[in-house]
Amino acid sequence: MNEKEIIARRVALELKRGDLVNLGIGLPTMVANYLPSDAGISFQSENGIIGMSALPDPGLAGADLTDAGGSPIGALPGACAFDSALSFALIRGGHLDVTVLGGLQVDEEGQLANWMVPGKMVPGMGGAMDLVSGAKRVIVAMTHTAKGAPKIIKKCTLPLTSVRRVDLVVTEMAVIQPTEEGLVLLETAPGVTVDQVIAASEAKLLIPKVPGVMGIAA
Amino acid sequence: MNEKEIIARRVALELKRGDLVNLGIGLPTMVANYLPSDAGISFQSENGIIGMSALPDPGLAGADLTDAGGSPIGALPGACAFDSALSFALIRGGHLDVTVLGGLQVDEEGQLANWMVPGKMVPGMGGAMDLVSGAKRVIVAMTHTAKGAPKIIKKCTLPLTSVRRVDLVVTEMAVIQPTEEGLVLLETAPGVTVDQVIAASEAKLLIPKVPGVMGIAA
Amino acid sequence: MSKVSSVAAAVEQIPYGAVLMIGGFMGAGTPPLLIDELVRQGKKNLTVIANDTARPGVGIGKLIDAGLVKKVIASHIGTNPQTQKLMIACELEVDLVPQGTLAERVRAGGSGLGGVLTPTGVGTTAGEGKKTVELNGTTYLVEEAIKADIALISARSADYSGNLRYSLTSRNFNPLMALAAELVIAEPNEIVPIGCIEPDAVVTPHVLVDVIVAKGAEK
Amino acid sequence: MSKVSSVAAAVEQIPYGAVLMIGGFMGAGTPPLLIDELVRQGKKNLTVIANDTARPGVGIGKLIDAGLVKKVIASHIGTNPQTQKLMIACELEVDLVPQGTLAERVRAGGSGLGGVLTPTGVGTTAGEGKKTVELNGTTYLVEEAIKADIALISARSADYSGNLRYSLTSRNFNPLMALAAELVIAEPNEIVPIGCIEPDAVVTPHVLVDVIVAKGAEK
């Protein structure tokens, strides 16, 4: 099981029946693979649909039904389509239960930077700023380090996505909950020690007496 | 021909092919009666439809298709329905070519009061404030006086509907165009003299050398 | 878990003194069964946010007749003499809002916006006491978002998940109010199986609807 | 007078240096014939307001490839390396706007609102230099309305009067942009007789649409 799969399987456990969920492009999209089809979770794509599904077969694509990355998708019974204003009314208005996004940095205040590296990569924020400002729960799904450098740091050096504190950070090494007091190490991945997580993080981590072992969806 | 009919027939001449028009409840609604069916004018009702028509027969009413007064109406081919936000986006956003409204007072600055008489009648502004603020042309259709008292006055004493200067005032006696310089008497009704109009108005009227005679739609 | 509920059970969830948004325009698009049940259960001290109070005996007018309403936020009450009479007698508080502004305030409340900037009402009594913002030489009123505890809306069709579509001028404020309340109770003319409203025809996404009332429902 | 026009004649109306809104999201819902014709006619110095610039060779990406664009106002350019390359070389000005904010700014421009108050972007670079308004202890950015000279939109169906309906995720920014430009040019997949789109299915009212392009049109 590779890093991304560990992360996606753990995030899947956070989603509850009835939730409206937005999965970011890339790693977060994998989360849907680890949910049973009868999980009762609705997925929104910010380009204007609730009820998206994986394309059952490449031959069954339609040009007018795509995900936020422009790839063809399918629709489940009960799917509904809408314009970009309503799509973000749902996101900003507190109707979205969970957003799962990638991250470049998360800091001790729980703030996220995930949309640009000045001078190097300026893709634009797309929907990320609205998603982080507006979703009821924000889950960051990212690798714990990038080329060996910590991504969980004291203070974000990259431009922030939002000043809002995210709710949970899931990496291949740990589950971390940002709180008013700081970053709480909730769980470590199977085979990973608390000391290893601390060593791979620049930010100070608050360690409960007994951190749990990270669950992983079947 | 009664006062209201004279007013409605004159206002009808102001509407051009391709116009989107909103007619207020009451007298303004009568304007539609004096337009040929092939006039190429679209009517909007602010409760959410373009393409309304008179009900062809009382037996053909539907509870879900009403005008802004709650009375059943019909729909023409090409009619479209929308919510109140889009309805007022059309009104406020400059997409409405003409609004025809009743009036209680119009003053020398061309400002209109038409939505309340403090202590006596407080119906609410409904859509009037948006209509007067947003329509490309505002035509006030009203009787020249109320129980003998002038309604075209120096300065509105009733609460304003908008600070915007209206574009035309049509009464049973005259057609008056508010301008930056003041109220210009454009036309007098057949059989009505300039002096009679002046006597029935409190506001100062600017009199061109030869005011026209008021046209009246067939 | 099914969202379908009896009218009675749905209205039992509404506390005395609730802030309600109620769809409709002069009665068209106002949920009839929910209104009658509010009267039957005698839910008092309501604040009603709606376009108008219709006429006595019609739509929201029935709530006024029954003396259940403490405060009305509306654009127009001129067609209901009873509303005006109670207002003048100071037995009913009435807050009048331009219709387009009311629509935007409800939409903003449901969309996570703090409010909108509108030219409507500048320089009139509707602008009194409100913040203004100047942009490019134009003055706009800051019109604040508005929300409610509960929205009562009507629809042409619902599917069992809660997707809604509307009919003609009965649409009016209903889709906006479906965004702007903690609890959304919808009264459709019909309930159809999930998948029977095509995605493009859905106006209100199912995730916004909490309860669907049906005449014969058991609960 | 018919609104139907050939693609070539419609694009001839677009001046060099025009400010264009173009519907679509990663190419889906971007009018394909209008884009190709803009390239064929070599309309230069365009300002493009759109969600994204898709990919090289796709949708708005074709305008970037052809060097026709002077400025882009968009939420995302990460999928188009050519856009990023030109931006870094200072040959293309790029103004990045959060996607939900872009949608609201376009909608506000078309709705006569001066702008909206949004919490999105407060405390980030997206909020730099912008006015703020405090309401009930929350800080909101004042995000100003935006308009265009011309909107190029795609639709699933038009009737001959210009009523439009859209298809699935190709809807995206199209109905918003139809509100917000002086001239609206629509490219539908099909044109049907007036009266053949039921009133409730119309998303963009015909009064907003000035030109309907069709492949075989004479003019």
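The figures that follow rest on heavy atoms only: side chains count, while hydrogens, waters and symmetry mates do not. Per chain, numbering begins at 1; letters A, B, ... match sequence-line order.
For CD of D:Q13, the number of neighbouring non-hydrogen atoms (other residues, nucleotides, ligands) closer than 6.0 Å is greater than 12. The neighbour count for D:K130 NZ, taken as heavy atoms of other residues, nucleotides or ligands under 6.0 Å away, is above 12.
Each of D:T118, D:T120, D:T101 was scored for a side-chain contact (heavy atoms from CB on, under 4.5 Å) with C:L113, with one residue passing: D:T118.
When all heavy atoms of C:L135 and D:G114 are compared, the pair lying nearest together is CD1-O, 3.5 Å. Closest heavy-atom contact between C:G112 and D:P119: O-CD, 3.2 Å.
A 4.5 Å side-chain heavy-atom check between C:V116 and D:V116 finds at least one atom pair inside the cut-off. Residues C:D200 and D:R165 form no side-chain contact, since every pair of their non-hydrogen atoms from C-beta on lies 4.5 Å or further apart. At least one side-chain heavy atom of C:V133 sits less than 4.5 Å from a side-chain heavy atom of D:K131.
Taking CG of D:L117 as the reference point, atom CD of C:E144 lies at 9.0 Å (rounded to 0.5 Å). To the nearest 0.5 Å, the span separating CD on D:E198 from OG on C:S167 amounts to 8.5 Å.
Proximity to chain D is absent for every atom of C:E143, based on heavy atoms less than 4.5 angstrom apart.
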